[in-house]
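Just below is one structure, and these are the notes that go with it.
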Amino acid sequence: MTVAERIAAYLDAIERWFGERFGGTWVDEWARGLYHGMISHPAYEKIEIEAEDTEDAFLIACFPDAFGVPSPVSYYTAELLPYLQQEFAAWERRMWDRQSVFEAKGRMHHHI
Amino acid sequence: MARKFVFFGGKGGVGKTTVSSAFGLRCALDGDRTLLVSTDPAHSTGDLFDQEFDDTPRAVEGYDRLDALELDPEAEVERHRLQLKRELGAQLSATMVNEVDIQLEMAHRTPGAYEAALFDRFIDVMGDADEYDRVVFDTSPTGGTLRLLALPELLEGWIERLIAKREQSIDLYEKAAIGRQTPRRVREGDPILARLEDRREKFSFAGETLRNDAVFTLVMNPDTLSLRETERAVGSLEEYGLTVGGVVVNKVTPAPEPHEEGRGARYLRDRCESERERIREANDTLEVPVIAEIESRVRDVKGELLRDVAGKLRTDVVDDTGTGRSATGDSDQS
């Protein structure tokens, strides 16, 4: 069982438990919201931040020359640019200005 | 089993184009369907055969079984750049294109771009050579070319790490999406991974072909500088796991007749003596055999003269990977 499957199974179990006890009542809805807000959302957000950091590491390995470090593969990684344009542009801005206020705000209101 | 791909290397001016063309011609005369690949920006292969060549194989007039093509790395860099630019423009707003464009331009203006483009074409030619028995490469004199041939493993490793990083972030995005949302990236059909894997395959093919089906021949002149340079080149090629078949000594000074006297003849005799010394040294110190010695010609090596030089070259010794010292008997002078 992969981590994803285990988490899914766990969520299913919780859902069944709530369904059996409070199915369709206001308690069900309320408890779901509480669970999402306090446990699941922050956890997924952490994973997502980790995913973004990994993606940043990927981008800097692809394009170190964007920051003045010559790379023997930049000719080849340039081929990825048509598919990475959004990420690339955003990444470059972030890297040049990590401490920006907007960056911090963005983190606070982090959504998909 | 003869190795199919034969690379000729050496400093500028030692006569790589002459020797590699003569070698290609020799292969063709011996019955092999041969492709001669030139990377010389001066396009001297064309001059040698008095014929124009371009980026696609073309039959060499006057010879059977011999095709030639001239690679143009600069044009290839430009083609690559324009193609990516088109791909970019096809899917993005003008402002966004601008930002990415800078990176694109930069990647095509680094000194390494020329070599990367050349290497790409080498891989294409090697992968597309089914109809030939032999492919002879006349590499350009830049030191970078030989070094680049040693790179596939390094590049492959690099691409490998990029793939691993990309997979890791996709995996995290998928996990983050477990809370009933659509993940921002998915493994299935990810164009980045597809591109990277395509690249990895190319490099791995190149590395394998260069290690198992290619042989390098170095061209040198009989002087100390050239000998030292060749020693170093043999060392580094072998260090990269590539096979060096032998060394061709080119532009050996013809000796004057014994009865000849005078300043010119004395000069030539001295010169020949010191060249013999260098060739002996090459035989003693190089880890690979001297497979041919070719005399200087007064005229440009063309036509009949090229056939003549071709006659001095043996096509089998280069497969005799460093074991055949006896091959040195194949000398002009003896």
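Below, all heavy atoms of this structure are taken into account, side chains as well, without hydrogens, waters or symmetry copies. All chains are named by letter (A, B, ...) in the order of the sequence lines, taking the proteins before the strands, and each is independently numbered beginning at 1.
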> Within 45° of the six-membered ring axis of A:Phe58 and under 6.0 Å from that ring's centre, is NZ or CZ of B:Arg166 located there?
Replying inline: yes

> Roughly how far, to the nearest 0.5 Å, is CD1 of A:Ile49 from CG of B:Leu172?
Replying inline: 12.0 Å

>> Can you tell me how far apart CD (B:Gln83) and CD (A:Glu79) are? Round to the nearest 0.5 Å.
In response: 8.0 Å

>> Please report the interatomic distance CG(B:Leu104) to OG(A:Ser74), rounded to the nearest 0.5 Å.
In response: 10.5 Å

>> Please report the interatomic distance OG1(A:Thr54) to CD1(B:Ile170), rounded to the nearest 0.5 Å.
In response: 11.0 Å

> Donor-acceptor pair, A:Tyr76 side chain versus B:Ala116 backbone, under 3.5 Å?
Replying inline: yes

> Would you call A:Tyr75 and B:His80 a side-chain contact if the rule is heavy atoms closer than 4.5 Å?
Replying inline: yes

> Rounded to the nearest 0.5 Å, what separation is found between the CG atom of A:Leu84 and the CD1 atom of B:Ile192?
Replying inline: 3.5 Å

> So what's closer than 4.5 Å to chain A heavy atoms on B:Arg161: side chain, backbone, both or neither?
Replying inline: neither

> With respect to chain A, which residue among B:Ile159, B:Asp120, B:Asp171 yields the maximal number of heavy-atom pairs within a distance under 4.5 Å?
Replying inline: B:Asp120

> What distance separates B:Ile102 CD1 from A:Glu92 CD, expressed to the nearest 0.5 Å?
Replying inline: 7.0 Å

> Is chain A contacted by the side chain of B:Ala164, its backbone, both, or neither, given a heavy-atom distance below 4.5 Å?
Replying inline: neither

> Between A:Glu48 and B:Lys175, is there a salt bridge with N-O shorter than 4.0 Å?
Replying inline: no

> Heavy-atom distance under 4.5 Å between the side chains of A:Glu55 and B:Arg184, does that happen here?
Replying inline: no

> Would you say B:Leu84 and A:Leu81 make side-chain contact, with heavy atoms under 4.5 Å?
Replying inline: no

